[in-house]
Amino acid sequence: MSEALRPLARPRLYEQVVQRLREHVADSGLRVGDRLPPERQLAERLGVSRASVKQAIVVLEVQGLVEVRHGGGTYLRRESLDVEPVAELVARKRRLPDVLEAREALETKLAELAAQRRTDADLAEIDAALAAMRREIAEGGLGSEGDRRFHAAITAAAHSSLLADFMRTIATEIAESRQESLRQPNRPGKSLAQHERIAEAIREGNPRAAVTAMRRHLQTVSRVRLLSWDPDADPTRADEA
């Protein structure tokens with residue numbers, strides 16, 4: 001049978017709720033820091049269960065578009081809810097653990113070598129990357145470009161061409177994990193502080209401290225809402241009951 005006649009995928013109900021919330025934010029002129037209506041009210045107005053509303057909110061939270069304050073409601077973190085397709089979120093969720101594993105294996109060794117081999121020029125670039133990240137965060141950004149420069153500077157300071165090649169082969173995936181981490185609430189400032197501790201260990205020529213600081217940093221990077229999200233927790237039956 002023709003592949004074109006395969007069964008049509010039925011959209012998850014919470015995906016439809018996400019789209020309605022996106023339209024509501026655009027139509028209502030809500031701004032960063034504004035609160036969305038309570039879950040119960042949204043459920044009543046949309047004619048769905050609170051479970052579907054809750055799952056939709058989780059999708060928005062995973063993408064860093066809203067902040068859920070326990071007992072305090074849901075607040076906008078972006079001017080618009082430009083939502084990534086759920087299928088793309090699921091694909092990223094599946095590959096992220098492998099990326100984080102690879103980063104820990106490679107980057108702890110790079111930090112160790114950087115502490116042993118760094119030059120004055122290497123230290124100057126590490127400091128410049130930290131300064132760039134600090135400026136970005138101060139201006140309200142995530143600090144992602146400074147973050148990229150920092151890890152690139154450590155890779156260069158390790159003076160290992162083969163490890164640098166390995167890092168280049170997963171550069172796209174690393175960038176994806178970086179963005180995922182930095183859009184967690186309060187993460188940019190914490191990441192900057194951890195970078196400063198890594199830089200200090202490298203500057204002091206202390207390989208063990210550099211490895212420890214890098215490992216702790218990457219453990220923080222791995223703590224993202226996406227990994228605890230269950231895309232199959234679709235409460236369709238509850239809505240159809």
Side-chain angles (χ1 to χ4, degrees), residues 14-15 17-18 21-22 24-26 28-42 50-51 53-86 88-90 92-93 95-97 99-100 103-104 129-130 132-151 173-198 213-231 233:
Y14 68 77
E15 293 183 65
V17 175
V18 167
L21 291 175
R22 179 177 182 272
H24 169 69
V25 168
S28 303
L30 295 177
R31 309 297 296 274
V32 171
D34 288 345
R35 182 179 178 178
L36 290 179
E39 289 179 5
R40 184 182 299 278
Q41 182 181 332
L42 288 171
R50 289 185 67 181
V53 173
K54 189 179 295 293
Q55 180 71 330
I57 295 296
V58 169
V59 170
L60 297 174
E61 182 187 15
V62 161
Q63 298 182 64
L65 299 172
V66 302
E67 178 183 357
V68 177
R69 301 175 189 171
H70 296 293
T74 303
Y75 296 81
L76 289 180
R77 296 185 64 205
R78 297 288 183 273
E79 290 290 344
S80 63
L81 300 183
D82 292 327
V83 187
E84 186 178 3
V86 168
E88 293 181 19
L89 280 177
V90 171
R92 191 162 72 252
K93 174 184 169 68
R95 64 178 170 263
L96 187 56
V99 175
L100 294 170
R103 286 194 66 178
E104 183 168 351
L130 287 173
M133 187 175 185
R134 201 173 292 117
R135 284 194 302 272
E136 288 177 68
I137 294 171
E139 292 169 0
L142 297 179
S144 53
E145 176 57 20
D147 187 300
R148 183 200 64 77
R149 281 185 62 183
F150 178 78
H151 287 276
E173 291 80 3
I174 288 176
E176 195 173 71
S177 68
R178 171 181 300 117
Q179 196 70 14
E180 197 70 51
S181 175
L182 289 174
R183 66 187 184 186
Q184 304 302 300
N186 305 314
R187 183 63 59 81
K190 184 172 186 177
S191 183
L192 175 60
Q194 291 177 338
H195 283 182
E196 289 170 341
R197 284 192 284 274
I198 296 167
M214 180 62 81
R215 180 170 289 116
R216 287 176 178 167
H217 171 56
L218 293 172
Q219 287 169 350
T220 296
V221 171
S222 72
R223 292 195 284 273
V224 294
R225 185 69 175 87
L226 179 64
L227 293 180
S228 63
W229 169 56
D230 180 5

> Show me, pair by pair, the donor-acceptor contacts under 3.5 angstrom made by side chains of residues 136-144, not counting sequence neighbours?
residue	atom	partner	partner atom	Å
E136	OE1	S144	N	3.4
E136	OE1	E145	N	3.3
E136	OE2	G146	N	2.6

> Quick check: closest heavy atoms across D82 and S80, and the distance to 0.1 Å?
OD2-OG, 2.9 Å
> Is it the case that the side chain of Y14 and the backbone of P231 share a donor-acceptor pair, with hydrogens and angles ignored and the cut-off at 3.5 Å?
yes
> Who are the salt bridge (charged side-chain N to carboxylate O under 4.0 Å, His left out) partners of R215, not counting sequence neighbours?
E104
> Determine the minimum heavy-atom distance between R31 and E79, stating which atoms define it.
NE-OE1, 2.9 Å
> Within the distance-only criterion (no hydrogens, no angle test), does the side chain of S222 pair as donor or acceptor with the backbone N or O of Q219 below 3.5 angstrom?
yes
> Roughly how far, to the nearest 0.5 Å, is the CD1 atom of I174 from the CD atom of Q179?
14.0 Å
> Using modelled atom types only, decide if a donor and an acceptor are shared between the side chain of S191 and the backbone of R187 within a distance under 3.5 Å.
no
> Nearest 0.5 Å please: distance from the CZ atom of R78 over to the CG atom of L65.
7.0 Å
> Which heavy atom of K93 sits nearest a heavy atom of P97, and at what distance?
O-CD, 3.2 Å
> Locate the shortest heavy-atom distance separating S181 from T220; write the atom from each residue and the value.
OG-O, 4.5 Å
> Using a 4.5 Å cut-off on heavy atoms from C-beta on, say whether the side chain of L30 contacts that of H24.
yes
> Parallel under 30°, tilted from 30 to 60°, perpendicular over 60°: which one fits the rings of H217 and H151?
parallel
> Quick one: pull up CD in E176 and CG in L96 and give me the separation to the nearest 0.5 Å.
7.5 Å
> In the structure I gave you, are the side-chain heavy atoms of E180 and L100 within less than 4.5 Å of one another anywhere?
no
> Determine whether W229 and V224 make a side-chain contact, defined as any pair of heavy atoms from C-beta on separated by less than 4.5 Å.
no
> Considering only heavy atoms from C-beta outward, does the side chain of M133 approach that of E196 to under 4.5 Å?
no
> For a 4.5 angstrom cut-off between non-hydrogen side-chain atoms, does V25 reach L36?
yes
> Under a 4.0 Å threshold between the charged nitrogen and the carboxylate oxygen, would R95 count as salt-bridged to E173?
no
> Just how far is it from atom NZ of K54 to atom CD of E39, taken to the nearest 0.5 Å?
3.5 Å
> Could you give the distance from CG (L60) to CZ (R225), rounded to the nearest 0.5 Å?
11.5 Å
> Please check: side-chain N/O of R22 versus main-chain N/O of L81, any donor-acceptor pairing under 3.5 Å?
yes
> Quick one: are L21 and L42 in side-chain contact, heavy atoms under 4.5 Å?
yes
> Can you list everything that forms a side-chain hydrogen bond (donor to acceptor under 3.5 Å, both in side chains) with R77? Sequence neighbours excluded, please.
none
> Mind listing the closest non-hydrogen atom pair of P188 and Q184 along with its distance?
CD-O, 4.0 Å
> Closest heavy-atom contact between E84 and L89?
OE1-CD2, 3.6 Å
> Report the distance from atom CD of E67 to atom CD of E61, rounding to the nearest 0.5 Å.
8.5 Å
